[in-house]
Amino acid sequence: GDIEFKNVWFSYVSEEWVLKDVSFHVKAGHSVAFVGATGAGKTTILSLITRFYDIQKGEIYIDGIPIRSIKIKSLREAIGLMLQDVFLFSGTIRSIITLRDNSIDDDIIDKSCEYVNAKPFILQLERQYEEPVRERGNNLSSGQRQLLSFARTLVHRPSILILDEATSNIDTETEQLIQDSIRKMMTIGTVLVVAHRLSTIQNADQIIVMRHGRIIEQGSHQELLKNRSHYYSLYRLQYDKIY
């Protein structure tokens, strides 16, 4: 999935623009991470790509086609969405991952779970892939629910992956597994990430720094560090907190 934003303006309330003249291009198979303070417009960009909202000005293209001329059903079938708040229906681990699609091969399920680091905790469950899961995954930890959502997305092989990588309220060990999963997923297709931990997205092909609805910087991790501007300050701030 090749994605292009061209002079995009968007507002929830017409008096105030949330996105202001945003333009960027993500080549098919590449990864881009969006960085910035709360309210900068990062999540809004993801919502426009999935057409939860439509833009007021400008154009968004998917593989060269204006997004509003693509059927919403077709668009969303091509997108794997992984959000901070994971919703799981009741069922078994297997049915949650496959969304009850019996055509998905056991080998694909197993490899996807292994790839996103979900397999170790599944194998520790009494009934493994047949373990019952309660509504909203109440009998699993928040980290386990997140890893299952990654596996669920991968088995359906979307051409575009969208990820909000927030890992609040997750124990340190599981958080490390999640961060490792994110790093691996950023190599398997067109990936868009809203980044909270800058350490996760250093290998992204492109990092876009946002502020008040505008793009203020973009480039690779190394390029942005050399600029010694806004991204450099954010990175130093997080680095100093860790060390």
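Scope of the values below: all heavy atoms of this structure, side chains included, with no hydrogens, waters or symmetry mates.
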Lys119 vs Asp110, salt bridge (charged side-chain N to carboxylate O under 4.0 Å, His left out): CA-CA, chis, key distance, verdict | CA-CA 7 Å; Lys119 189 173 175 180; Asp110 196 58; 3.0 Å; yes

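- Looking at Tyr129 and Thr92, their side chains never come closer than 4.5 Å, going by heavy atoms from C-beta outward.
- Within 6.0 Å of NZ in Lys226 there are 12 or fewer heavy atoms belonging to other residues, nucleotides or ligands.
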Walk me through it: do Asp164 and His196 pass the test side-chain hydrogen bond (donor to acceptor under 3.5 Å, both in side chains)?
-> CA-CA 8 Å; Asp164 185 336; His196 303 269; 3.0 Å; yes

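- Crowding of Arg157 atom CZ: a count of heavy atoms from other residues, nucleotides or ligands under 6.0 Å not exceeding 12.
- Looking at Arg214 and Asp21, their side chains come closer than 4.5 Å, going by heavy atoms from C-beta outward.
- Of the inter-residue distances, the one linking Ile3 atom CD1 with Ser159 atom OG reads 8.5 Å to the nearest 0.5 angstrom.
- Nearest heavy-atom pair, Ile109 versus Val155, reported as atom, atom and distance to 0.1 Å: CA-CG1, 4.0 Å.
- Taking CD1 of Ile160 as the reference point, atom CG of Asp63 lies at 7.0 Å (rounded to 0.5 Å).
- Tracing side-chain contacts under 4.5 Å through hydrophobic residues (I, L, V, M, F, W, Y), one reaches Tyr235 starting from Val193; they form part of the same cluster.
- Put simply, the residue from His221, Glu217, Glu223, Gln218 that forms a side chain to side chain donor-acceptor pair (under 3.5 Å) with Tyr231 is His221.
- In terms of modelled atom types and a separation under 3.5 Å, the side chain of Ser95 and the main chain of Gly91 share no donor-acceptor contact.
- Remark: Asn203 CG is loosely packed, at most 12 non-hydrogen atoms of other residues, nucleotides or ligands lying under 6.0 Å away.
- The structure places OH of Tyr61 at 11.5 Å from CD1 of Ile65, a figure rounded to the nearest 0.5 Å.
- A donor-acceptor pair under 3.5 Å is formed between the side chain of Thr190 and the backbone N or O of Gly1.
- Contact annotation: the side chain of Pro132 approaches that of Arg127 to within less than 4.5 Å [non-hydrogen atoms, C-beta and beyond].
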Start with the C-alpha gap between Glu77 and Ser74, add the side-chain angles, then the distance that decides, and say whether side-chain hydrogen bond (donor to acceptor under 3.5 Å, both in side chains) holds.
-> CA-CA 5 Å; Glu77 280 174 353; Ser74 302; 5.1 Å; no

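- Inspection of the Asp101 and His156 side chains reveals no N or O donor paired with an N or O acceptor under 3.5 Å.
- Here OG1 of Thr153 is found 11.5 Å from CD1 of Ile79. Values are rounded to the nearest 0.5 Å.
- Note that CZ of Phe5 is 12.0 Å distant from NE2 of His25, once rounded to the nearest 0.5 Å.
- Within a 6.0 Å radius of CZ in Arg76, other residues, nucleotides and ligands contribute more than 12 heavy atoms.
- Partner Ile162 forms a side-chain contact (heavy atoms from CB on, under 4.5 Å) with one of Leu46, Val191, Ile45 and no other, that one being Leu46.
- Remark: Lys111 NZ is loosely packed, at most 12 non-hydrogen atoms of other residues, nucleotides or ligands lying under 6.0 Å away.
- By the 4.0 Å N-to-carboxylate-O rule, Arg94 lies too far from Glu131 to be salt-bridged with it.
- Using cut-offs of 30° and 60° for the angle between ring planes, the Tyr12 and Phe10 rings count as perpendicular.
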